[in-house]
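Let me begin by presenting the structure, written as C-alpha cells, before commenting on it.
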Amino acid sequence: MDKKGRADSMKKERYSFCTECRKECLYTLQKIERQYDIKGKQYNMEVTIAICENCGEEINIPGIMDLRAKEVEEQYRRAENIRY
Ligand SMILES: [Zn+2]
C-alpha cells in the first residue's frame, strides 16, 4: 500500500490536523475498499480516505465525508442499476 518514491502527479499531499499526533501532519489521499451497509445489504465500496504520513492513522479532513458519501452513492447506484 506504500506508493512512495513513485513520481505520481495525481498524488495529493497536504497538511491537516491529526488527532493522534496532536499536530498538523502531512497526509495522503488513498483509495481503499470498505464495506458499507445500505438498506440491510452489504456492499464493498471503493472510497477515499486521508492517511496521516506521520502515524499512519486515518484522519478526517474537511470535505472528505462529503466526497465519501458521493462515492458510496455512485457505486450504490451502479450496483443496483439505478438511473440518474
Ligand atoms: Zn498522525
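Just follow the structure's listing: the first ligand is 1, and inside any ligand the first atom is 1.
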Closest approach of I64 and A50, non-hydrogen atoms and distance? CD1-N, 3.6 Å
At what distance, to the nearest 0.5 angstrom, does OH of Y36 lie from CD of Q75? 9.0 Å
Vertex the Zn ion (ligand 1), rays to SG in C55 and SG in C18 - rounded to 10°: 110°
The SG(C21)-the Zn ion (ligand 1)-SG(C52) angle, to 10°, is 120°
E71 side-chain N/O to M45 backbone N/O, donor-acceptor pair under 3.5 Å: no
For K31, does the NZ atom have more than 12 heavy-atom neighbours from other residues, nucleotides or ligands under 6.0 Å away? yes
Could you confirm whether C25 has any N/O/S atom lying under 2.8 Å from the Zn ion (ligand 1)? no
